Amino acid sequence: MNTTTAANKIPVIAVVGNPNTGKSTLFNALTGMRQKTANFPGVTVEHHTGLIDLPSGKVNLVDLPGSYSLAAESPDEMVACDVLLGLIDNLHQPDAVLVVVDSANLRRNLFLVHQVMELGKSVVVALNMSDIAKRRGIHIDPDQLSKELGAAVIPFVATDRSQTQALKATMDVAINTNAVASAAVQPEVVEAAHLYADELRSEGMQINDYEVERALIDARGYAEQRLISNAPTGTADKLFVLRQQLVQQGDGSSLAKTEATRRYKLIDAMVAKVETRTGEPLSLTDKVDRITNHPVWGMVLFITIMATVFQAVFSWAGPLMNLIDSGAGWMASTISQIVPPGALNSLLVDGVVAGVGSVIIFLPQIMILFAFIIILEDSGYMARAAFMMDRLMRYVGLSGQSFIPMLSSFACAVPGIMATRVIPNKRDRIATIIAAPFMTCSARLPVYALLIAAFLPNQQFLGGLINLHGLVLLGLYLLGVVGGVLTALLLKRTGLKGPTPGFMIELPPYRFPDLKSVLIRLLDRGKIFLRRAGTIIFTVAIVVWALVYFPRPAEIFEAYDAERVVAEIELSGEELDTRLAQIDNLESANLIEQSLLGRIGKTIEPVFRPLGWDWKVSAGVVASFPAREVVVAVLGTIYAVGADVNETDESLIGRLRSAKHADGKKVFTLPMTVGLMVFYAFCLQCAATVAVMRRETGGWGWPLFAWTYMTGLGYVCALLIFQGFS
Amino acid sequence: MKLDQLKPGQKATIIDIDEDGPVAQRLMAMGLLEGTKVSMTRKALGGDPVEVEVMGYALSLRKDEARRISIEIST
């Protein structure tokens with residue numbers, strides 16, 4: 001290990017552990033706000049890293065995805081293995097490994113600890129949630145466990161600061177200690193792997209002994225696939241022959257079975273010495289599960305919870321949204337006082353403030369939605385939701401493994417599509433990738449929220465317990481789910497036929513989420529949203545402003561100035577004021593129709609006319625193909641530049657409500673608005689999603705299909721709704 | 001007898017796991033091995049998926065996976 005750390009080489013500690021061990025809560029407790037999200041080069045697993053101060057200096061803490069074993073089925077699961085072996089670019093081999101263990105599940109968790117210790121790493125074991133284990137009557141002797149394992153063991157409760165200090169001190173010792181690898185459970189496999197790796201290295205291949213070892217043990221696993229695709233031809237046969245020889249030398253069991261059997265034998269002996277169990281296991285969780293996992297009541301509860309979430313999105317966010325709205329109004333009037341009327345004033349007020357402001361106003365709603373999602377995840381409920389959804393997924397021909405990517409897609413389809421890497425079967429992966437963008441992402445929320453608030457009456461039911469706005473939003477979310485599920489079903493029945501994959505998931509005990517951890521993740525979400533508003537939305541708002549502001553032909557001004565002169569001669573008093581305001585309105589309407597965007601909008605308008613859209617909406621929709629929430633900013637800017645001077649309601653909602661076609665009919669009728677929302681529910685308006693689809697499917701075929709299919713579906717549905725109900 | 005045939009509330013001991021690549025390997029890594037005690041907690045409508053308790057934690061599997069696990073009912 002590196003005891004003489006160079007100044008430019010900060011020691012690395014990898015954090016590993018089973019899923020549901022409270023690993024991210026522990027990571028957040030150690031790093032606090034000093035963490036960042038990043039992707040490993042080559043793979044797309046999002047991971048967190050954070051610098052922490054230990055007595056001997058700064059250390060880089062790297063949080064790895066949760067896993068039960070180092071055996072990997074997919075590229076993403078291989079990351080943990082690769083990091084531990086130092087195979088990742090720009091990240092040297094860890095100086096120590098922190099293994100987070102759920103104290104209530106010591107036996108199962110020790111399997112991973114045992115695998116990591118065989119790699120010869122300096123290991124620190126954090127016995128996490130030791131308070132919960134104690135309450136369940138599970139007592140673990142940390143000193144005895146430490147002696148048995150030959151690694152430091154620290155009981156840990158995230159809320160206890162003294163334990164954070166103790167853990168840091170122990171990690172500090174670990175990075176400065178040379179570890180000795182514990183004895184291999186399968187020395188014969190280690191030996192065979194070493195010999196074969198030597199052979200491959202002599203042929204010029206860069207390979208680690210342990211990669212070959214995993215390839216031998218994990219038949220049909222990812223390590224084997226990767227080795228075969230990187231190594232010279234004949235490797236597949238060679239691995240097969242080697243594996244057969246090893247199996248025959250043993251008792252005839254597969255190498256994976258031998259690994260598990262031998263490890264658990266050692267672990268069982270250890271657990272018998274260090275753990276005592278008294279009391280009823282899982283009593284509270286069991287009682288709750290009787291309802292949450294009930295085939296009927298569980299479904300009712302699931303829908304009730306989701307409905308509550310959407311109610312809250314509308315009813316709680318109001319005051320904060322009003323605050324942001326008045327903030328934007330204050331900024332606009334302040335700018336108008338400082339900057340004289342003209343192009344610069346319009347750029348700042350109509351472009352930047354109206355454009356970006358109309359998107360930022362949805363920050364409170366997004367934060368409320370994510371607060372719920374994070375709390376549901378951390379409390380353990382999401383695993384029950386996956387259990388329930390597995391029935392639906394199986395009907396479609398997919399597994400619960402597809403549920404997590406789809407769930408992530410409610411935040412954003414990009415990480416959702418990346419999360420499909422855990423699905424080993426390619427057909428199932430592609431079906432999930434195509435279905436994922438149907439899930440209602442956070443960029444759709446501003447569009448829905450704006451249209452719902454502007455055009456649907458806020459009816460209350462059951463004494464204010466339920467409001468129509470929340471119900472419609474829930475309906476739109478369900479529409480996305482149904483669209484995605486039916487699409488996956490269609491694909492699995494036609495082009496991507498194949499057997500239904502297997503599924504298993506741990507149902508962790510219910511627990512109260514850690515407030516600090518929830519807040520850190522929530523702020524992270526907020527930052528991502530604001531960053532988009534500050535970059536993409538900001539840029540588009542300025543471009544759209546320029547398109548809608550220019551050119552300003554002198555003839556138009558001259559024509560209306562002439563009319564003003566005539567009016568001033570012929571009229572006086574109140575009549576004159578009315579006439580002048582009328583002229584102002586006609587002038588700005590004419591200017592905006594002559595603008596570049598006006599001309600573009602008019603050109604494309606015929607395409608969208610059957611959906612009831614005017615050129616402004618058409619232009620907004622077309623401009624939002626790179627990122628769908630842009631439409632809100634575009635409409636904000638178009639209606640701000642072309643604002644009616646007499647308008648009483650200066651908010652975008654007010655402006656949309658009074659928008660009229662050339663013939664004086666209202667643009668936003670109910671069928672048109674509903675059609676527009678359905679269009680947004682289906683249409684693939686997101687350049688980032690298309691790009692990630694191309695990368696993940698390895699070509700333009702699938703993204704092109706998805707784009708055409710989704711956009712076509714959106715158009716047809718909007719058309720049917722508008723024509724059918726108008 | 002196979003794990004999927006176990007009725008809710010019944011306890012059993014695993015006697016064998018049908019070896020079939022990564023799925024079986026994952027079950028074994030999670031501690032489902034010869035001699036491990038399991039109990040059936042509940043079944044979803046139609047008996048699929050099932051929820052079992054193994055070594056004090058709850059695990060949900062599809063019937064197809066549960067069918068790979070041979071058991072002996074404990075009395």
Side-chain angles (χ1 to χ4, degrees), chain A residues 18 20 68-73 102 104-108 111-112 115 136 138 217-222 253-254 256-257 259-261 263-265 267-268 277 281-282 285-286 289-290 293-296 298 383-384 386-388 390-391 394 399-400 424 500-509, chain B residues 2-4 6-71 74:
Chain A
N18 286 8
N20 309 311
Y68 295 105
S69 156
L70 291 179
E73 261 186 76
D102 173 8
N105 272 312
L106 185 63
R107 184 178 173 233
R108 193 196 66 211
F111 188 85
L112 183 66
Q115 279 185 326
R136 281 177 54 193
I138 301 165
I217 300 172
D218 312 337
R220 287 196 272 145
Y222 183 69
S253 305
S254 71
K257 189 174 186 176
E259 183 194 11
T261 313
R263 267 193 220 290
Y264 271 111
K265 202 175 166 195
I267 290 167
D268 283 340
R277 278 180 184 247
L282 297 173
T285 291
D286 196 50
D289 269 344
R290 259 173 227 168
N293 288 4
H294 189 277
V296 178
R384 273 79 186 175
F387 174 79
M388 217 120 52
D390 183 54
R391 301 163 50 75
R394 184 182 31 207
S399 81
T500 304
F503 175 62
M504 69 190 87
I505 190 168
E506 184 190 350
L507 304 175
Chain B
K2 306 290 183 194
L3 182 58
D4 66 302
L6 202 63
K7 291 193 183 75
Q10 281 186 320
K11 293 183 195 323
T13 307
I14 295 175
I15 48 177
D16 191 29
I17 291 190
D18 181 12
E19 295 253 4
D20 187 28
V23 179
Q25 186 177 3
R26 178 151 304 185
L27 286 171
M28 293 189 291
M30 293 177 83
L32 286 91
L33 286 163
E34 204 180 311
T36 306
K37 293 193 173 14
V38 289
S39 65
M40 181 64 68
T41 311
R42 63 175 63 80
K43 291 180 178 184
L45 214 63
D48 196 6
V50 300
E51 186 189 326
V52 295
E53 197 197 311
V54 200
M55 313 186 302
Y57 72 89
L59 183 69
S60 162
L61 330 157
R62 280 187 179 168
K63 209 171 170 177
D64 286 342
E65 274 78 56
R67 208 177 281 142
R68 296 159 187 262
I69 302 168
S70 303
I71 49 155
S74 321

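Sequence lines set the chain letters: A, B, ... in the order given, protein chains first and strands last, and positions in each chain run from 1. Source: prediction; values computed, not measured.
Within the model, atoms CG of B:L32 and CD1 of B:I14 stand 4.0 Å from one another, a figure rounded to the nearest 0.5 Å. If you take CZ on B:R62 and CG on B:D4, they are separated by 14.5 Å, rounding to the nearest 0.5 Å.
For B:L33, the part sitting under 4.5 Å from any heavy atom of chain A is the side chain, from C-beta outward, and nothing else. Contacts between B:V50 and chain A at a heavy-atom distance below 4.5 Å involve the backbone alone (N, CA, C, O). Of the atoms belonging to A:D289, heavy atoms from both backbone and side chain fall under 4.5 Å from chain B. In this structure, chain B has heavy atoms under 4.5 Å from both the backbone and the side chain of A:D218. For A:S254, the parts sitting under 4.5 Å from any heavy atom of chain B are the backbone and the side chain alike. With a 4.5 Å cut-off on non-hydrogen atoms, A:R263 does not touch chain B at all.
Among residues at least two apart or in separate chains, salt bridge (charged side-chain N to carboxylate O under 4.0 Å, His left out) pairs with a member in residues 22-31 of chain B are A:E73-B:R26, A:E77-B:R26.
Chosen from A:R108, A:R220, A:R107, the residue pairing most often with chain B at heavy-atom distances under 4.5 Å is A:R108. Interface summary for chain A: among B:I17, B:L61, B:D48, the most heavy-atom pairs under 4.5 angstrom belong to B:D48.
With salt bridges taken as basic N to acidic carboxylate O contacts below 4.0 Å, none links A:D268 and A:K265.
The main-chain N or O of B:G31 is found under 3.5 Å from a side-chain atom of B:T36 such that the two form a donor-acceptor pair. Under the 3.5 Å distance criterion, the side-chain polar atoms of B:Y57 are left unmatched by any main-chain donor or acceptor of A:P509.
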